[in-house]
Every structure is written in C-alpha cells, then in structure tokens.
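Worksheet: the structure to be examined is printed underneath.
In what follows, chains carry the letters A, B, and so on, assigned in the order in which the sequence lines appear, proteins first and then strands, with residues in each chain numbered from 1.
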2 protein chains.
Amino acid sequence: MDEIDQTIVNLLRTDGRTSYAELARRVGLTAPSVQDRVTKLEKSGIITGYTALIDAEAIGLGITALIGIIPDNAADHHDICERLRAIPQIESCYFLAGVECYQLKVRVPKMGDLERLIHRVGAIPGVAQTRTTITLSTKWEDRPQPVPFELAD
Amino acid sequence: MDEIDQTIVNLLRTDGRTSYAELARRVGLTAPSVQDRVTKLEKSGIITGYTALIDAEAIGLGITALIGIIPDNAADHHDICERLRAIPQIESCYFLAGVECYQLKVRVPKMGDLERLIHRVGAIPGVAQTRTTITLSTKWEDRPQPVPFELAD
DNA sequence: CTCGACAAGTGGACGAGATCGACCAGACGA
DNA sequence: TCGTCTGGTCGATCTCGTCCACTTGTCGAG
C-alpha cells in the first residue's frame with residue numbers, strides 16, 4: 001500500500017466505475033499495472049466491493065430509523081447477531097461499548113413497517129429493551145474520507 | 001422505474017462495476033438500451049453515484065464512534081450543519097427526532113484523534129452537549145436491501 | 001380507422017478499454 | 001556474479017462502450 005495505491009483507492013471511492021485506463025492516466029502508470037494493483041487491493045481485503053449509491057427515498061425506502069438494543073444478562077450475542085442479520089431491513093449493525101450494546105440502522109417504506117420491525121427485534125431472545133429514534137433527514141451518509149498517511153500493508 | 005430498472009439497480013448495488021454488456025445479458029436487453037436506462041436512473045437521481053467499498057481498518061481508520069449532539073436553544077441548525085460538514089472524519093450525519101438532534105458516525109485512526117474530534121464538535125456554537133459511544137465492532141454496514149415492490153417514478 | 005408523435009429497443013460500426021503473454025529493469029540474497 | 005522476485009512496459013486481441021439509423025408498439029387526435 002503505497003502512495004499510488006492510496007490515490008487509486010481514493011479515485012475508486014469517488015467514482016467506483018472509473019476505468020482502469022482512466023486510473024492509469026491519473027496515477028501515471030499503464031492500464032495493466034493499475035489493474036494488477038487493484039486486483040491485489042481486492043484480494044488483500046482492502047477493497048471489499050463496489051456498489052451503486054441509491055437515493056433510498058427514490059426506491060421507496062422513505063423512512064430511516066436508528067434502533068438501540070439493550071440486552072438482558074443471559075444474552076447469547078452470537079445468536080442475536082445471526083437473528084439480526086436475517087432481517088433485511090437492517091442495513092447496518094454496530095456492536096457498541098455501552099448499555100445499548102447494538103445500534104441498528106434500518107430503512108423501511110412506511111411507519112407500519114417500522115412498527116413491525118421494532119416488534120420483531122424486540123422479540124429476539126436476549127433483547128431486553130429497544131429504543132428507536134426516527135431520522136428526520138439524512139444530512140449526508142457514507143462520505144468517503146481520503147485515505148490517510150502511513151499505512152502498514 | 002419498472003421491474004427491469006429494479007433488477008438493474010439491484011445488480012449495480014451488488015457489484016457497481018458490472019459492465020453494461022453483462023447487465024444487458026442479465027435483464028435480456030441489449031447494451032445500448034441498458035445504458036440508456038442507467039443514464040436515466042442517474043439523471044433522475046435514483047442512482048447518485050458509485051463507490052468502492054473499503055475495509056476501514058485496512059486503511060488506518062481503526063476506530064469508529066457514534067457522536068450524539070444535544071443543541072442549545074439558540075442553535076442555528078444551518079450553521080451547525082455546515083460546520084459539521086467541514087469535518088472530514090464525519091462520514092454520516094443524521095438529523096434526529098429526539099433530545100440528541102444529530103447523530104454522527106465518525107472514523108479516526110487513533111483515540112487521540114477521536115478526543116480532538118469530540119472537542120472540535122463540542123466547540124461548535126449551538127452545541128450544548130455531546131455524547132460519544134465507541135463501536136467495538138461493525139457487524140455489517142450499508143448492506144443493500146433489494147429494491148421493493150411498486151414504485152412511483 | 002388512419003395518421004403522426006413519442007417512447008423504448010435493436011443492430012451495426014467503430015473507437016476505446018480490458019486482458020493476456022512476453023519481455024525488461026532494479027533490488028536483494030546466496 | 002548470478003538466479004530470482006517484484007513491479008513495470010509493450011503489443012496483440014477480444015470485449016465493451018457508444019453513437020446513429022432504423023423498427024416496433026402505444027396512444028391520442030382528427
């Protein structure tokens with residue numbers, strides 16, 4: 001992971017469909033060597049994939065909410081995690097240091113869907129309590145910050 | 001936005017670098033017409049961009065935290081928002097219904113960076129209090145849920 | 001019913017990009 | 001000094017992206 005790799009990663013975060021030829025021009029190499037570097041970045045797990053960014057509202061997911069989970073003492077975290085993973089509406093799941101030991105980011109089309117979702121999460125064994133906060137607006141999301149300085153490979 | 005558009009969106013969310021030719025094969029159209037559809041999806045704001053997914057730890061952003069902001073009564077939200085936007089470490093910013101009216105997701109290399117960041121956010125005029133939670137692990141993040149049913153265009 | 005307009009696809013042509021193998025240069029250790 | 005390894009270039013070839021002309025189907029107006 002040298003400076004050129006960082007530039008490539010930054011370019012691909014800005015536009016994930018940039019062609020190898022274009023990347024090559026930007027970093028001053030040829031297309032095959034850039035392709036080689038990108039392949040290595042993918043294999044080593046630094047680049048984990050590519051995705052199109054979608055306006056959630058435009059595809060009918062107009063409601064975003066954050067759900068905090070307070071577990072009970074007997075909670076089997078591995079089990080909770082698997083059950084959460086099975087719920088497609090949960091887009092992100094963080095394990096936190098605090099009383100609310102999980103936070104979920106969920107997206108649903110309608111309020112009714114959110115209500116059902118909360119009940120479903122609350123019914124998972126080991127979940128003592130949930131606390132839901134509706135997001136009124138998403139100011140921004142998943143903004144890529146440039147890859148920083150010195151990195152171990 | 002018909003069924004074919006939905007398939008295209010789902011395919012591009014799964015792999016944002018899928019070629020038009022490949023998309024065309026998957027949906028049973030020719031490449032030019034798929035390209036035409038994708039262009040329209042981009043212009044209409046449904047697809048807002050493409051990005052490479054990066055393992056944050058691998059690029060030196062080993063620490064993720066959630067910061068809640070409690071504003072004071074005199075808070076100028078537009079100003080707060082702009083000042084938050086100027087901080088690159090804030091990857092996401094949600095405006096919430098609740099006492100904590102913003103939640104930030106931030107990523108930094110080291111604890112010291114997080115401390116500085118918290119001070120910087122706390123110093124913004126209109127911010128009465130902040131509450132930071134460290135994430136111990138990210139179970140998953142930004143998992144695309146398939147585009148659902150009936151959609152207005 | 002016919003006509004024209006429009007939206008959405010198709011097919012072909014051509015330039016650009018992706019990809020592969022062969023080759024090259026510098027770094028490094030035996 | 002000599003292999004060997006890494007990371008690069010170059011050129012050939014195949015695929016892809018993109019433009020344009022043409023076709024088809026739908027629909028409302030006359």
Between P on D:dT23 and CG on B:D36, what's the gap in Å once rounded to a whole number?
19 Å
Measure from CD1 on A:I4 to C1' on D:dT9 and round the result to the nearest Å.
14 Å
Using whole Å, report how far CD of A:E42 lies from P of C:dT19.
10 Å
Nonpolar side-chain network containing A:I70, other nodes, edges under 4.5 Å
A:V99
Of the listed nucleotides D:dG7, D:dT9, C:dA8, the one nearest the side chain of B:K40
C:dA8
Does the pair A:D142 and B:K105 meet the rule for a side chain to side chain contact (heavy atoms under 4.5 Å, CB included), with working shown?
CA-CA 9 Å; A:D142 301 321; B:K105 187 185 82 186; 3.5 Å; yes
N or O in side chain of A:T30 less than 4.0 angstrom from D:dT9 OP1/OP2
yes
Strictly under 6.0 Å, is that where the ring centroids of B:Y94 and B:Y102 end up?
no
Taking A:G16's backbone N and O only, do any of them form a donor-acceptor pair with B:R17's side chain (distance below 3.5 Å, no angle check)?
yes
What integer distance in Å separates A:D5:CG from D:dG7:P?
9 Å
Does A:D15 reach the main-chain N or O of A:L12 with its side chain, forming a donor-acceptor pair under 3.5 Å?
no
Between A:R107 and A:E141, is the closest basic N to carboxylate O distance under 4.0 Å?
yes
Which of residues 10-29 of chain B have a heavy atom under 4.0 Å from DNA chain C?
B:L29
Distance below 4.0 Å between A:S33 side-chain N/O and D:dT9 OP1 or OP2
yes
Between C1' of C:dA16 and CD of B:Q35, the distance in whole Å
13 Å
